[in-house]
Amino acid sequence: MTVTSDQPTRSADTASPPFPSSPDQHLGSAATRTTLRVQNRMLAATRAFLTGRGFTELLPPIIGPVTDPGIRGSKQVDVDFYGHKYKLMTSAILYKQASLLAFAKIFYIAPNVRLEPIETAVTHRHLAEFHQIDVEIRDARREDAIALAEELVSFVVGEVVREMPGELDSLGRDRDAFREAVAGAFGRTTHREATADLVALGHPQDPGAEIDWEGEEILSAKASNPFFVVDYPKGSRGFYDRENTDNPGVLRNFDLIAPEGYGELASGSEREYDYATLVTRMRETGENPAKYGWYLDLARRGIPASSGFGIGLERFTRYVTGRTAAWEASAYPKLPGVVSA
Ligand code: AMP
Ligand code: MG
(Lines give C-alpha, C1' and ligand atoms only; values in the text may rest on other atoms or scores of the structure.)
(Ligands and ions follow the chains in the order given, each with its own letter.)
Protein backbone atom coordinates (compact mmCIF):
# COMPACT_ATOMS: atom_id res chain seq x y z
CA MET A 1 0.00 0.00 0.00
CA THR A 2 1.24 3.51 -0.73
CA VAL A 3 0.42 4.85 2.69
CA THR A 4 3.60 6.29 4.19
CA SER A 5 4.37 7.45 7.68
CA ASP A 6 4.70 11.09 6.59
CA GLN A 7 2.86 13.67 8.61
CA PRO A 8 -0.53 14.53 7.14
CA THR A 9 -0.29 17.73 5.12
CA ARG A 10 -4.00 18.47 5.39
CA SER A 11 -6.72 17.57 7.81
CA ALA A 12 -10.48 17.66 8.10
CA ASP A 13 -10.37 20.75 10.26
CA THR A 14 -8.56 22.94 7.71
CA ALA A 15 -10.52 26.18 7.86
CA SER A 16 -13.04 26.37 5.06
CA PRO A 17 -12.89 29.57 3.03
CA PRO A 18 -16.07 31.64 3.28
CA PHE A 19 -18.66 30.52 0.77
CA PRO A 20 -19.31 33.42 -1.65
CA SER A 21 -22.49 35.34 -1.07
CA SER A 22 -22.86 36.25 -4.76
CA PRO A 23 -21.62 35.13 -8.19
CA ASP A 24 -19.68 38.37 -8.73
CA GLN A 25 -17.75 37.82 -5.50
CA HIS A 26 -16.83 34.29 -6.61
CA LEU A 27 -16.34 34.78 -10.36
CA GLY A 28 -14.58 38.11 -9.82
CA SER A 29 -11.89 36.52 -7.67
CA ALA A 30 -8.48 36.01 -9.28
CA ALA A 31 -8.12 32.63 -7.55
CA THR A 32 -11.44 31.41 -8.99
CA ARG A 33 -10.47 32.50 -12.50
CA THR A 34 -7.09 30.76 -12.22
CA THR A 35 -8.70 27.60 -10.86
CA LEU A 36 -11.22 27.54 -13.70
CA ARG A 37 -8.47 28.12 -16.28
CA VAL A 38 -6.63 25.10 -14.88
CA GLN A 39 -9.87 23.10 -15.00
CA ASN A 40 -10.36 24.16 -18.60
CA ARG A 41 -6.91 22.80 -19.42
CA MET A 42 -7.68 19.59 -17.52
CA LEU A 43 -10.83 19.09 -19.60
CA ALA A 44 -8.96 19.75 -22.84
CA ALA A 45 -6.23 17.29 -21.81
CA THR A 46 -8.87 14.68 -20.86
CA ARG A 47 -10.58 15.01 -24.23
CA ALA A 48 -7.25 14.88 -26.11
CA PHE A 49 -6.15 11.80 -24.16
CA LEU A 50 -9.39 9.86 -24.53
CA THR A 51 -10.12 10.73 -28.16
CA GLY A 52 -6.49 9.82 -28.92
CA ARG A 53 -7.28 6.38 -27.46
CA GLY A 54 -10.30 5.91 -29.69
CA PHE A 55 -13.01 7.03 -27.25
CA THR A 56 -16.15 8.75 -28.53
CA GLU A 57 -17.47 11.61 -26.42
CA LEU A 58 -21.24 11.48 -26.02
CA LEU A 59 -23.43 14.12 -24.46
CA PRO A 60 -24.98 12.62 -21.32
CA PRO A 61 -28.67 12.65 -20.44
CA ILE A 62 -29.79 15.02 -17.69
CA ILE A 63 -33.17 13.44 -16.87
CA GLY A 64 -34.59 9.93 -17.09
CA PRO A 65 -37.21 7.65 -15.54
CA VAL A 66 -34.55 6.17 -13.28
CA THR A 67 -31.03 7.04 -12.15
CA ASP A 68 -28.15 5.56 -10.17
CA PRO A 69 -29.45 4.46 -6.76
CA GLY A 70 -25.98 3.78 -5.35
CA ILE A 71 -25.53 7.20 -3.87
CA ARG A 72 -25.44 6.37 -0.17
CA GLY A 73 -27.25 8.91 1.95
CA SER A 74 -27.99 11.50 -0.71
CA LYS A 75 -31.41 12.13 -2.24
CA GLN A 76 -32.53 12.18 -5.85
CA VAL A 77 -34.42 15.10 -7.41
CA ASP A 78 -37.77 14.42 -9.08
CA VAL A 79 -38.80 16.08 -12.32
CA ASP A 80 -42.39 16.14 -13.59
CA PHE A 81 -42.07 14.75 -17.12
CA TYR A 82 -45.55 15.17 -18.63
CA GLY A 83 -47.09 13.54 -15.57
CA HIS A 84 -44.37 10.89 -15.20
CA LYS A 85 -41.92 11.06 -12.30
CA TYR A 86 -38.45 11.41 -13.81
CA LYS A 87 -35.16 11.98 -11.99
CA LEU A 88 -32.23 14.31 -12.47
CA MET A 89 -29.17 12.15 -13.08
CA THR A 90 -27.20 11.32 -9.94
CA SER A 91 -24.83 9.44 -12.26
CA ALA A 92 -25.12 8.29 -15.86
CA ILE A 93 -23.96 4.73 -15.19
CA LEU A 94 -27.02 3.00 -16.72
CA TYR A 95 -26.69 5.06 -19.91
CA LYS A 96 -22.95 4.41 -20.08
CA GLN A 97 -23.64 0.69 -20.29
CA ALA A 98 -26.31 1.24 -22.95
CA SER A 99 -23.97 3.48 -25.01
CA LEU A 100 -21.66 0.54 -25.61
CA LEU A 101 -24.25 -0.83 -28.03
CA ALA A 102 -23.13 2.00 -30.35
CA PHE A 103 -19.44 2.48 -29.50
CA ALA A 104 -16.80 0.29 -27.84
CA LYS A 105 -15.28 3.15 -25.82
CA ILE A 106 -17.22 6.18 -24.67
CA PHE A 107 -16.93 9.09 -22.28
CA TYR A 108 -19.07 11.93 -21.01
CA ILE A 109 -18.43 15.06 -19.06
CA ALA A 110 -21.62 14.52 -17.11
CA PRO A 111 -23.48 16.80 -14.68
CA ASN A 112 -24.83 15.05 -11.57
CA VAL A 113 -27.25 16.36 -8.96
CA ARG A 114 -27.28 14.72 -5.53
CA LEU A 115 -28.94 16.25 -2.50
CA GLU A 116 -26.19 15.24 -0.11
CA PRO A 117 -26.88 15.31 3.66
CA ILE A 118 -26.59 18.81 5.05
CA GLU A 119 -23.72 17.84 7.35
CA THR A 120 -21.52 17.17 4.28
CA ALA A 121 -21.46 20.89 3.46
CA VAL A 122 -18.34 21.18 5.62
CA THR A 123 -16.35 18.21 4.26
CA HIS A 124 -14.72 20.35 1.55
CA ARG A 125 -15.56 17.70 -0.99
CA HIS A 126 -19.33 17.40 -1.27
CA LEU A 127 -21.30 19.48 -3.73
CA ALA A 128 -24.99 19.12 -4.49
CA GLU A 129 -24.19 19.59 -8.20
CA PHE A 130 -20.95 18.37 -9.73
CA HIS A 131 -19.52 16.75 -12.86
CA GLN A 132 -17.93 13.42 -13.64
CA ILE A 133 -15.44 12.49 -16.31
CA ASP A 134 -17.39 9.32 -17.04
CA VAL A 135 -15.61 6.56 -18.97
CA GLU A 136 -16.88 3.12 -20.10
CA ILE A 137 -15.07 0.42 -22.11
CA ARG A 138 -16.78 -2.56 -23.73
CA ASP A 139 -15.37 -6.03 -22.95
CA ALA A 140 -12.82 -4.54 -20.54
CA ARG A 141 -11.74 -6.01 -17.21
CA ARG A 142 -11.39 -4.03 -14.01
CA GLU A 143 -7.61 -3.99 -14.48
CA ASP A 144 -8.03 -2.30 -17.89
CA ALA A 145 -10.14 0.43 -16.30
CA ILE A 146 -7.63 0.89 -13.48
CA ALA A 147 -4.75 1.18 -15.96
CA LEU A 148 -6.65 3.72 -18.04
CA ALA A 149 -7.65 5.81 -14.99
CA GLU A 150 -4.02 5.86 -13.87
CA GLU A 151 -2.75 6.94 -17.29
CA LEU A 152 -5.46 9.57 -17.68
CA VAL A 153 -4.93 11.16 -14.26
CA SER A 154 -1.17 11.07 -14.67
CA PHE A 155 -1.41 12.64 -18.15
CA VAL A 156 -3.76 15.42 -17.07
CA VAL A 157 -1.70 16.28 -13.97
CA GLY A 158 1.47 16.27 -16.10
CA GLU A 159 -0.10 18.60 -18.64
CA VAL A 160 -1.02 21.15 -15.95
CA VAL A 161 2.38 20.92 -14.25
CA ARG A 162 4.17 21.46 -17.59
CA GLU A 163 1.87 24.04 -19.14
CA MET A 164 0.55 26.03 -16.18
CA PRO A 165 3.39 26.38 -13.63
CA GLY A 166 2.63 30.10 -13.15
CA GLU A 167 -1.02 29.36 -12.34
CA LEU A 168 -0.07 26.67 -9.80
CA ASP A 169 2.46 29.03 -8.21
CA SER A 170 -0.07 31.84 -7.99
CA LEU A 171 -2.48 29.47 -6.18
CA GLY A 172 0.32 28.45 -3.81
CA ARG A 173 0.18 24.83 -5.06
CA ASP A 174 3.49 23.02 -4.55
CA ARG A 175 4.41 21.62 -7.99
CA ASP A 176 6.81 19.10 -6.43
CA ALA A 177 3.80 17.42 -4.83
CA PHE A 178 3.03 15.92 -8.27
CA ARG A 179 6.40 14.36 -8.99
CA GLU A 180 5.17 10.84 -8.25
CA ALA A 181 1.72 11.34 -9.78
CA VAL A 182 3.18 12.47 -13.11
CA ALA A 183 5.32 9.31 -13.18
CA GLY A 184 2.24 7.10 -12.67
CA ALA A 185 2.76 3.86 -10.72
CA PHE A 186 -0.12 4.58 -8.36
CA GLY A 187 -0.27 2.22 -5.40
CA ARG A 188 -2.85 -0.51 -4.79
CA THR A 189 -4.45 -1.72 -1.64
CA THR A 190 -7.55 -3.77 -0.89
CA HIS A 191 -10.58 -2.69 1.09
CA ARG A 192 -9.61 -5.32 3.66
CA GLU A 193 -6.08 -3.88 4.06
CA ALA A 194 -7.38 -0.31 4.16
CA THR A 195 -9.86 -1.34 6.87
CA ALA A 196 -7.07 -2.93 8.93
CA ASP A 197 -4.91 0.23 8.54
CA LEU A 198 -7.77 2.43 9.70
CA VAL A 199 -8.61 0.26 12.69
CA ALA A 200 -4.90 0.26 13.64
CA LEU A 201 -5.00 4.06 13.47
CA GLY A 202 -7.99 4.13 15.82
CA HIS A 203 -10.65 4.83 13.19
CA PRO A 204 -13.65 2.50 13.54
CA GLN A 205 -13.99 1.15 9.98
CA ASP A 206 -16.59 -1.57 9.40
CA PRO A 207 -15.07 -4.31 7.17
CA GLY A 208 -18.43 -4.80 5.44
CA ALA A 209 -19.08 -1.16 4.58
CA GLU A 210 -17.98 1.68 2.33
CA ILE A 211 -14.96 3.55 3.72
CA ASP A 212 -16.50 6.68 5.20
CA TRP A 213 -15.14 10.08 4.13
CA GLU A 214 -13.29 10.60 7.41
CA GLY A 215 -11.51 7.25 6.98
CA GLU A 216 -10.75 8.03 3.37
CA GLU A 217 -9.27 11.35 4.37
CA ILE A 218 -7.04 9.67 6.97
CA LEU A 219 -5.64 7.25 4.37
CA SER A 220 -5.34 10.02 1.81
CA ALA A 221 -3.49 12.35 4.21
CA LYS A 222 -0.81 9.71 4.76
CA ALA A 223 -0.18 9.08 1.05
CA SER A 224 2.17 10.96 -1.25
CA ASN A 225 0.88 9.52 -4.55
CA PRO A 226 -2.65 8.66 -5.69
CA PHE A 227 -3.58 5.05 -4.92
CA PHE A 228 -6.30 2.54 -5.74
CA VAL A 229 -8.44 0.71 -3.20
CA VAL A 230 -9.92 -2.45 -4.77
CA ASP A 231 -12.40 -5.17 -3.78
CA TYR A 232 -15.12 -3.36 -1.84
CA PRO A 233 -17.59 -5.68 -0.09
CA LYS A 234 -20.96 -6.42 -1.60
CA GLY A 235 -23.49 -4.25 0.14
CA SER A 236 -21.27 -1.19 0.04
CA ARG A 237 -21.99 -0.38 -3.62
CA GLY A 238 -24.73 -0.36 -6.26
CA PHE A 239 -26.10 -3.40 -8.12
CA TYR A 240 -24.03 -2.61 -11.23
CA ASP A 241 -20.64 -3.35 -9.60
CA ARG A 242 -19.96 -6.95 -10.65
CA GLU A 243 -19.40 -9.53 -7.93
CA ASN A 244 -16.24 -11.64 -8.11
CA THR A 245 -17.48 -15.14 -8.94
CA ASP A 246 -14.25 -16.63 -7.51
CA ASN A 247 -14.62 -14.63 -4.31
CA PRO A 248 -18.31 -14.18 -3.52
CA GLY A 249 -19.17 -11.15 -1.44
CA VAL A 250 -16.36 -9.12 -2.98
CA LEU A 251 -16.95 -6.71 -5.87
CA ARG A 252 -14.71 -6.25 -8.91
CA ASN A 253 -14.50 -2.52 -8.25
CA PHE A 254 -12.09 0.21 -7.19
CA ASP A 255 -11.71 3.74 -5.92
CA LEU A 256 -8.89 6.11 -6.77
CA ILE A 257 -7.80 8.16 -3.77
CA ALA A 258 -5.76 11.34 -4.10
CA PRO A 259 -2.85 11.93 -1.71
CA GLU A 260 -2.37 14.79 0.80
CA GLY A 261 -5.85 14.46 2.32
CA TYR A 262 -7.79 15.33 -0.84
CA GLY A 263 -9.64 12.02 -0.65
CA GLU A 264 -11.59 10.09 -3.29
CA LEU A 265 -11.14 11.16 -6.91
CA ALA A 266 -12.90 8.34 -8.73
CA SER A 267 -14.92 5.16 -8.39
CA GLY A 268 -15.09 2.42 -10.97
CA SER A 269 -15.82 -1.24 -11.55
CA GLU A 270 -16.35 -4.15 -13.81
CA ARG A 271 -20.10 -4.00 -14.49
CA GLU A 272 -22.85 -6.49 -13.96
CA TYR A 273 -24.77 -7.06 -17.21
CA ASP A 274 -26.51 -10.41 -16.74
CA TYR A 275 -30.27 -9.88 -16.54
CA ALA A 276 -31.05 -12.40 -13.78
CA THR A 277 -28.08 -11.31 -11.67
CA LEU A 278 -29.06 -7.65 -12.08
CA VAL A 279 -32.57 -8.40 -10.81
CA THR A 280 -31.19 -10.35 -7.84
CA ARG A 281 -28.67 -7.63 -7.00
CA MET A 282 -31.36 -4.95 -7.25
CA ARG A 283 -33.51 -6.85 -4.77
CA GLU A 284 -30.52 -7.40 -2.47
CA THR A 285 -29.76 -3.67 -2.49
CA GLY A 286 -33.37 -2.75 -1.72
CA GLU A 287 -34.20 -1.57 -5.24
CA ASN A 288 -37.49 -2.41 -6.91
CA PRO A 289 -36.66 -3.92 -10.35
CA ALA A 290 -40.00 -2.61 -11.68
CA LYS A 291 -38.53 0.92 -11.60
CA TYR A 292 -35.80 -0.06 -14.06
CA GLY A 293 -38.02 -0.83 -17.05
CA TRP A 294 -35.91 0.33 -20.01
CA TYR A 295 -32.66 -0.83 -18.41
CA LEU A 296 -33.85 -4.34 -17.56
CA ASP A 297 -35.56 -4.71 -20.96
CA LEU A 298 -32.20 -3.88 -22.50
CA ALA A 299 -30.40 -6.30 -20.18
CA ARG A 300 -32.78 -9.05 -21.23
CA ARG A 301 -31.85 -8.41 -24.87
CA GLY A 302 -28.15 -8.07 -23.96
CA ILE A 303 -26.01 -5.34 -22.42
CA PRO A 304 -22.31 -5.64 -23.34
CA ALA A 305 -19.79 -6.62 -20.67
CA SER A 306 -17.75 -3.58 -19.63
CA SER A 307 -15.67 -1.76 -17.09
CA GLY A 308 -15.50 1.95 -16.42
CA PHE A 309 -15.09 4.73 -13.91
CA GLY A 310 -16.14 8.27 -13.06
CA ILE A 311 -13.71 10.93 -11.91
CA GLY A 312 -15.25 13.83 -9.97
CA LEU A 313 -14.13 16.87 -11.95
CA GLU A 314 -14.35 19.41 -9.13
CA ARG A 315 -12.50 17.09 -6.72
CA PHE A 316 -9.83 16.38 -9.33
CA THR A 317 -9.46 20.15 -9.92
CA ARG A 318 -9.26 20.77 -6.18
CA TYR A 319 -6.40 18.28 -5.90
CA VAL A 320 -4.51 19.73 -8.85
CA THR A 321 -4.96 23.37 -7.83
CA GLY A 322 -4.57 22.75 -4.10
CA ARG A 323 -7.74 24.63 -3.22
CA THR A 324 -9.24 23.96 0.19
CA ALA A 325 -12.75 23.02 -0.96
CA ALA A 326 -14.27 21.41 -4.06
CA TRP A 327 -16.76 24.26 -4.44
CA GLU A 328 -13.83 26.54 -5.30
CA ALA A 329 -13.46 24.48 -8.49
CA SER A 330 -17.02 25.21 -9.63
CA ALA A 331 -18.10 28.39 -11.43
CA TYR A 332 -21.58 28.19 -9.89
CA PRO A 333 -21.12 26.15 -6.71
CA LYS A 334 -24.04 24.47 -4.97
CA LEU A 335 -23.20 23.39 -1.43
CA PRO A 336 -25.58 20.94 0.30
CA GLY A 337 -28.29 22.93 2.06
CA VAL A 338 -26.88 26.34 1.12
CA VAL A 339 -29.12 28.58 -0.99
CA SER A 340 -27.00 30.31 -3.63
CA ALA A 341 -27.04 31.42 -7.27
P1 AMP B 1 -19.60 7.91 -6.92
O2 AMP B 1 -20.35 7.22 -7.99
O3 AMP B 1 -20.42 8.29 -5.74
O4 AMP B 1 -18.35 7.21 -6.53
O5 AMP B 1 -19.13 9.29 -7.59
C6 AMP B 1 -18.15 9.29 -8.59
C7 AMP B 1 -17.16 10.40 -8.31
O8 AMP B 1 -17.83 11.65 -8.34
C9 AMP B 1 -16.52 10.31 -6.95
O10 AMP B 1 -15.37 9.52 -6.97
C11 AMP B 1 -16.20 11.75 -6.64
O12 AMP B 1 -14.99 12.16 -7.22
C13 AMP B 1 -17.32 12.51 -7.34
N14 AMP B 1 -18.39 12.86 -6.39
C15 AMP B 1 -19.32 12.03 -5.86
N16 AMP B 1 -20.17 12.70 -5.07
C17 AMP B 1 -19.78 13.99 -5.09
C18 AMP B 1 -20.26 15.19 -4.49
N19 AMP B 1 -21.33 15.19 -3.70
N20 AMP B 1 -19.60 16.34 -4.75
C21 AMP B 1 -18.53 16.37 -5.56
N22 AMP B 1 -18.03 15.27 -6.16
C23 AMP B 1 -18.63 14.10 -5.95
MG1 MG C 1 -17.35 6.64 -4.95
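Atoms within a ligand are numbered from 1 in the order they appear, just like the ligands themselves.
- Of all the heavy atoms of His126, the ones lying under 4.0 Å from any atom of ligand 1 are found in both the backbone and the side chain.
- In this structure, the protein non-hydrogen atom closest to atom 6 (C) of ligand 1 is Gln132 OE1, 3.3 Å.
- There is a path of hydrophobic side-chain contacts, each under 4.5 Å, that joins Leu278 to Leu298.
- For ligand 1, the polar-atom distance check finds no N/O of Phe130 at less than 3.5 Å from any of the ligand's N/O atoms.
- Ligand-side atoms of ligand 1 in range of Glu116: 16 (N), 18 (C), 19 (N), range being under 4.0 angstrom from any heavy atom.
- The neighbour count for Arg283 CZ, taken as heavy atoms of other residues, nucleotides or ligands under 6.0 Å away, does not exceed 12.
- Donor-acceptor pairing under 3.5 Å is recorded for the side chains of Thr35 and Arg323.
- Of all protein heavy atoms, the one closest to atom 21 (C) of ligand 1 is Arg125 O, 3.4 Å.
- Between Phe239 and Tyr292, the ring planes are perpendicular. Angles over 60° get that label, and only those under 30° would be called parallel.
- Counting just the N/O/S atoms of Glu264, the one with the shortest distance to the Mg ion (ligand 2) is named OE2.
- Counting heavy atoms of neighbouring residues, nucleotides and ligands inside a 6.0 Å radius, atom CG of Leu201 exceeds 12 of them.
- By the 30° and 60° cut-offs, the orientation of the rings of Tyr86 relative to His84 is tilted.
- Trp294 and Tyr95 have tilted rings, their planes meeting at an angle from 30° to 60° on a 0 to 90° scale.
- Contacts of Glu314 with ligand 1, taken as heavy-atom pairs under 4.0 Å, are absent altogether.
- Using a non-hydrogen distance threshold of 4.0 Å, Ala266 registers as a contact of ligand 1.
- Within a 6.0 Å radius of CZ in Phe19, other residues, nucleotides and ligands contribute more than 12 heavy atoms.
- Of all the heavy atoms of Leu265, the ones lying under 4.0 Å from any atom of ligand 1 belong exclusively to the backbone.
- Here the side chain of Arg114 pairs a donor or acceptor atom with the backbone of Thr90 at under 3.5 angstrom.
- Nearest-residue assignment for atom 11 (C) of ligand 1 (options Arg315, His131, Glu216; heavy-atom criterion): Arg315.
- Applying the 4.0 Å criterion to heavy atoms of Gly310 picks out, from ligand 1, the atoms 6 (C), 7 (C).
- In this structure, Phe155 and Glu159 have side chains that are in contact, with non-hydrogen atoms separated by less than 4.5 Å.
- Below 4.0 Å from some heavy atom of Ser267 lie the following atoms of ligand 1, by number and element: 4 (O), 10 (O).
- Of all the atoms in ligand 1, the ones that sit under 4.0 Å from a non-hydrogen atom of Arg114 are 1 (P), 2 (O), 3 (O), 5 (O), 15 (C), 16 (N).
- Annotation: atom 10 (O) of ligand 1 to nearest protein heavy atom, Glu264 OE2, 2.5 Å.
- Looking at atom 20 (N) of ligand 1, its nearest protein heavy atom turns out to be Leu127 N, 2.8 Å.
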